[in-house]
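By convention in this document, chain letters (A, B, ...) are assigned in the order of the sequence lines, proteins followed by strands, and residues within each chain are numbered from 1.
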Protein chains: 2
Amino acid sequence: MKNALSDYFKAAVSVDNVVFGFEKTGLKILLIYRGAEPFRDQWALPGDLISVDIDLVSSAEKVLQKLTGLEKIYMEQLQTFGKVNRHPYGRVFTVSYFALIKIEDAHLNPSSWAEEAAWFPINEIPNLPFDHNEILEFAKSQLKLRIRRQPIGFELLPKLFTLTELQNMYESVLETQFDVRNFRKKILFLDFITDTGKKENCVAHRPAKLFKYNAKRYQKLIENGYELAL
Amino acid sequence: MKNALSDYFKAAVSVDNVVFGFEKTGLKILLIYRGAEPFRDQWALPGDLISVDIDLVSSAEKVLQKLTGLEKIYMEQLQTFGKVNRHPYGRVFTVSYFALIKIEDAHLNPSSWAEEAAWFPINEIPNLPFDHNEILEFAKSQLKLRIRRQPIGFELLPKLFTLTELQNMYESVLETQFDVRNFRKKILFLDFITDTGKKENCVAHRPAKLFKYNAKRYQKLIENGYELAL
DNA sequence: CCAAAAGTGTTTAAATTACACCCATGG
DNA sequence: CCATGGGTGTAATTTAAACACTTTTGG
């Protein structure tokens, strides 16, 4: 018994983004407070249904551009979820993405489907609708893997950062602690980052040197990957 | 300008599988010769459109079960491709999977949409329709990454195998050569495999010991991952 | 001069690499 | 007895881990 071709063209596809940000207090996730059904008035991952005339990637980017006001956002696709009954309105597949954002650059601008948007500490995430909690767990584990293969951690930091900030970021993401001296040795050896000659000021302790990432080396490492044994 | 909800439920979703097998002559990919439009009479990845009442994963498994006659197949999801015009018949998203198969256990049984199915050496893949070549390249690079994190390589080998076969398999997948002694040292140290006490016979040279994988350890390593520095 | 965080090297242990010869079987 | 692939150990090098004190600034 073979279906007619038209029987297959009845699904919807959505994107759902797991957006990571980093502050001194730790890793954060961006959630929106849903302003529309289903699951109105619940915190959820920012996402949207895809229009037939928009590419998958563009669709994921558009959601975040609207929401954060940022133009260039680092995004990677995660997994696609497609259980028959995962959405109450019909057959909806969702493609999940993760994004890394500099929190201080994002000006949150909840759009039509969201009444509010807010950063949640990674360990204080409420119950989310659909399979969003599952998506989030997957995203966390992927971020841990990918941050060791590519220097994507910079996407979470301001343009200029101290070595301590860099270490805190890695420690938050990987949920471990590193020895200060060994950490610096490895990072400086990898040639990720460049000393800008500038320093922190107005701090009540010895001011730290400010570094920026090394753009040429970044590209090479993004393309080739590496293995960061931290 | 907001679309009506029904405007979103007009997409189709398919699965496409990149099926790896291994023989002495190297790594192979399973392709089918399309018996239906579009791209009839071309070699392509085995895949199918998803019915509205079947889960995504089941759908991918079903394609391969029909095609190979195998019940339990090791599969993992790769990426989803969703450019607007990737399919000539309308908006079709495709979710790609990779699968690892013991070639000698598979009894190929091309079904309705395929006139033929065959194993192609990994370096002799023809031009494929849709974005299948892109999917294949992605699958190859993912296999390289994942085989170093999890002991999934066994899925490509017969139940009993020699250390030389194991090494050849790793060398094919990773496209490198290893020193025989160092390879054995590492593998035996990881405690992946158990000596069955059996030996090859009817070979015109010293018969090799036959090993099997260590099921308990396999489970632990699948769950926790590791880093194979080969 | 005190508090607070930045910065810096050496020693020890572990892991990885390089490398060459004898062994068991079938024909 | 020969051809074929199977099997084995050690030394040298590289990489990772452990560990504590001095420096600079603001208040």
Side-chain angles (χ1 to χ4, degrees), chain A residues 22-26 147-149 157-158 160-172 174-212 221 225-230, chain B residues 22-26 147-149 151 157-158 160-172 174-212 221 224-230:
Chain A
F22 176 72
E23 283 182 331
K24 283 186 189 63
T25 51
I147 204 176
R148 292 166 158 267
R149 296 207 78 79
L157 294 175
L160 300 185
F161 50 83
T162 68
L163 290 173
T164 306
E165 283 166 347
L166 186 70
Q167 181 170 350
N168 288 339
M169 184 273 294
Y170 273 104
E171 289 180 341
S172 292
L174 295 171
E175 297 180 293
T176 18
Q177 302 273 102
F178 302 117
D179 175 88
V180 185
R181 282 167 289 189
N182 293 338
F183 178 84
R184 291 173 179 222
K185 223 180 301 169
K186 255 177 234 168
I187 291 292
L188 292 172
F189 173 78
L190 279 170
D191 199 25
F192 272 179
I193 58 176
T194 317
D195 187 343
T196 60
K198 293 176 191 160
K199 293 196 173 185
E200 282 183 316
N201 48 16
C202 307
V203 288
H205 55 78
R206 177 172 177 175
K209 292 180 183 174
L210 290 169
F211 290 78
K212 61 179 178 184
L221 290 170
Y226 56 95
E227 204 53 60
L228 187 56
L230 272 173
Chain B
F22 176 72
E23 281 182 332
K24 283 186 189 61
T25 51
I147 205 176
R148 292 166 156 267
R149 297 206 78 79
L157 294 176
L160 300 185
F161 50 84
T162 69
L163 291 173
T164 306
E165 285 167 345
L166 186 70
Q167 181 171 349
N168 287 340
M169 183 273 292
Y170 272 104
E171 288 180 342
S172 294
L174 295 172
E175 297 181 290
T176 18
Q177 301 272 101
F178 302 117
D179 175 89
V180 184
R181 281 168 290 191
N182 294 338
F183 178 83
R184 293 176 177 219
K185 221 181 304 169
K186 255 178 234 169
I187 291 291
L188 292 173
F189 172 77
L190 279 171
D191 199 24
F192 271 0
I193 58 176
T194 316
D195 187 343
T196 61
K198 294 176 190 162
K199 294 195 174 187
E200 282 183 316
N201 47 17
C202 308
V203 287
H205 55 79
R206 177 172 176 177
K209 292 179 184 174
L210 290 169
F211 290 78
K212 61 180 180 184
L221 290 170
N224 304 345
Y226 57 95
E227 205 53 57
L228 187 56
L230 271 172

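As a whole-Å value, the separation of F183(A) CZ from dG9(C) C1' is 18 Å. Atom CZ in R181(B) sits roughly 13 Å away from atom P in dA11(D) (whole-Å rounding). Between the NZ atom of K209(A) and the P atom of dA6(C) there is a distance of 13 Å, given to the nearest Å. One interatomic measurement links the two molecules: CD of Q177(B) to C1' of dA18(C), which rounds to 16 Å at whole-angstrom precision. In this structure, CD of E165(B) is placed 12 Å from C1' of dG5(D), rounded to the nearest angstrom. Straight-line distance from the CD atom of Q167(B) to the P atom of dG7(D): 11 Å, rounded to whole Å. K185(B) places its NZ atom 10 Å from the P atom of dG9(D), with the value rounded to the nearest Å. Rounded to an integer number of Å, the gap from E227(A) CD to dT14(D) C1' is 18 Å.
Within the 4.0 angstrom heavy-atom criterion, only backbone atoms of the sugar-phosphate kind lie near T164(B); the bases stay farther away.
Atom-to-atom distance recorded for N168(B):CG and E23(B):CD is 13.0 Å, nearest 0.5 angstrom. Summarising the geometry, atom CG belonging to N182(A) is positioned 6.5 Å from atom NZ belonging to K186(A); distances are rounded to the nearest 0.5 Å.
Contacts between residues 200-208 of chain B and DNA chain C, defined by a heavy-atom separation under 4.0 Å, are made by V203(B), A204(B), H205(B), R206(B), P207(B). Residues from residues 186-195 of chain A lying near DNA chain D, meaning a heavy-atom separation below 4.0 Å, are K186(A) in numerical order.
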Worked verdict on F22(B) versus F161(B) for ring pair (Phe, Tyr, Trp, His ring centres under 6.0 Å): CA-CA 12 Å; F22(B) 176 72; F161(B) 50 84; over 10 Å; no

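Residue N182(B) has its side chain nearest to dC19(C) when only dG7(C), dG7(D), dC19(C) are considered.
Checked options H205(B), K209(B), R206(B); the residue passing with E200(B) is H205(B) (criterion: side chain to side chain contact (heavy atoms under 4.5 Å, CB included)).
Taking the six-membered ring where the residue is Trp, F183(A) and F178(A) present parallel rings, their angle staying beneath 30° rather than reaching 60°.
Between the side chain of R148(A) and the backbone N or O of L228(A), at least one donor-acceptor pair lies under 3.5 Å.
G26(B) and S172(B) make their closest contact through CA-OG, 3.9 Å (heavy atoms, listed as atom of the first residue, atom of the second, distance). Across every non-hydrogen atom of T164(B) and R184(B), the tightest pair is OG1-NH2, 3.4 Å. The nearest pair of heavy atoms linking L221(A) to F192(A) is CD1-CE2, 3.3 Å.
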